[in-house]
There are 2 protein chains.
Amino acid sequence: MLTIKEVTEITEIAAPTLRYYEKEGLLPHVKRNENGKRLYDEEDLSWIYFVTALRATGMPIAQIQKYVYLYKEGDSTISERKLMMLYHKKEIERSIRDLYFNLDKINYKLALYDVLESQIERTSIKI
Amino acid sequence: MLTIKEVTEITEIAAPTLRYYEKEGLLPHVKRNENGKRLYDEEDLSWIYFVTALRATGMPIAQIQKYVYLYKEGDSTISERKLMMLYHKKEIERSIRDLYFNLDKINYKLALYDVLESQIERTSIKI
DNA sequence: AATTCACTTGAAGTACACTTTAACAGGAGG
DNA sequence: CCTCCTGTTAAAGTGTACTTCAAGTGAATT
């Protein structure tokens, strides 16, 4: 069992953020010791990594909340949870497509700068 | 020359957002008519689309501000602006890599759900 | 002339996800 | 015993990017 400090060192997530996630119901079953201090096990670490992956891909806190709520409901919600993940997967794929689309525009801009610089170079030689 | 309303219809960007971008210095040379109302030309539209692409790829307002400031300085800042775009291109590529990395985790989760569902199916048949 | 409409401004408000603060508690080391 | 360290809580604060509001202007329609 790990203390919150050990978890911050392993996951590089700030302690207030871990407490915030727990308070918002994003981390089910985090235990406490006899003094009320948090103790994390391997399963808690898995949850932290999973929540981090969802956040990093833009899932809002409220949606993760809903997912964890369904998880706590048990096996009867498996298909709904799977649907949530399928939907989120499509969102991520859309984000990736959008990024590629806009990356094209940046590359176009960079190509223009190449042209501009070579023009300036030629002009300089003439002078 | 287009009014702000026409630009909102063409770009689907809200008028307050266009005013906000202009106030923050993200849109150089937006003209006004004799009554002080905004008039946008093709070049303004290009800027709007460019700013939108930068925002959509996560560039902060402050950095776009700096870019536009350099643009206004003239040709002497071309290499610095090009560097900004090169750096941003790398950021976008990193974002795309991160999204793929986390998409893998979501796909792994989905694979687990497939296993779970087929298990439940087999159990149901047995009952 | 009065209303309506599209615009203007500065300032305040909102949403989201943390982050910081204040006040306190319990155990360890000097 | 005192201080330090690590933890606890609720509440307030922060940063970013808008978004909404209040008050006003000027042109056009009824």
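Every chain is numbered from 1, with letters handed out A, B, ... down the list of sequences. A quick note: this is a predicted structure, and the numbers were derived from the prediction, not measured.
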Query - Atom-pair distance (CD on B/Glu24; P on D/dT19), nearest Å - result: 14 Å
**Report entry** Degree of bending, the helix from C/dA1-D/dT30 to C/dG30-D/dC1 (end axes from five pairs; round to 10°)
**Finding:** 30°
**Report entry** Side-chain (B/Asp41) to main-chain (B/Glu43) donor-acceptor, under 3.5 angstrom
**Finding:** yes
Requested in this report: Evaluate whether atom NZ of B/Lys66 has more than 12 neighbouring non-hydrogen atoms of other residues, nucleotides or ligands under 6.0 angstrom away.
Outcome: no
Requested in this report: To the nearest Å, give me how far apart CD (B/Gln63) and P (D/dT16) are.
Outcome: 12 Å
Report summary line: Between CG of A/Asn33 and C1' of C/dG27 the distance, given in whole Å, is 11 Å
Query - Heavy-atom side-chain proximity of A/Arg97 to A/Glu93 below 4.5 angstrom - result: yes
Query raised in the report: Is a side-chain donor or acceptor of A/Glu6 paired with a backbone partner of A/Thr3 at a separation under 3.5 angstrom?
Result: yes
Query raised in the report: Are A/Leu112 and A/Leu110 grouped together when hydrophobic residues (ILVMFWY) are joined by side-chain heavy atoms under 4.5 angstrom apart?
Result: no
Requested in this report: Tell me, yes or no, whether the heavy-atom count around A/Tyr69 atom OH, taken from other residues, nucleotides or ligands under 6.0 Å, exceeds 12.
Outcome: no
**Report entry** Where protein sits on nucleotides 15-20 of chain C, one letter per nucleotide: B base, S sugar-phosphate only, - none, heavy atoms under 4.0 Å
**Finding:** --BBBB
**Report entry** Sugar-phosphate or base contact per nucleotide [nucleotides 2-8 of chain D; S, B, -; heavy atom under 4.0 Å]
**Finding:** ----BSB
Requested in this report: State, with a plain yes or no, whether a side-chain heavy atom of A/Thr11 is found less than 4.5 Å away from one of A/Thr52.
Outcome: no
Requested in this report: Answer with yes or no after comparing the ring centroid distance for A/Phe50 and A/Tyr71 against a 6.0 Å cut-off, counting only values under it.
Outcome: no
Query raised in the report: Applying the 4.5 Å side-chain criterion to the ILVMFWY set and letting contacts propagate, would B/Tyr49 and B/Tyr21 be lumped into a single cluster?
Result: yes
Query - Nearest-Å distance for atom pair NZ/C1', residues A/Lys23 and D/dA10 - result: 7 Å
Query - Exceeds 12 heavy-atom contacts within 6.0 angstrom, atom CD of A/Glu42 - result: no
Report task. Write down the distance between CE (B/Met1) and P (C/dC7), rounded to a whole number of angstrom. Result -> 15 Å
Query raised in the report: Could you give the CD-to-C1' distance, from B/Gln65 to D/dC18, as a whole number of Å?
Result: 14 Å
Requested in this report: Could you tell me whether A/Glu24 and A/Arg55 make a salt bridge, using a distance below 4.0 angstrom between a side-chain N and a carboxylate O?
Outcome: no
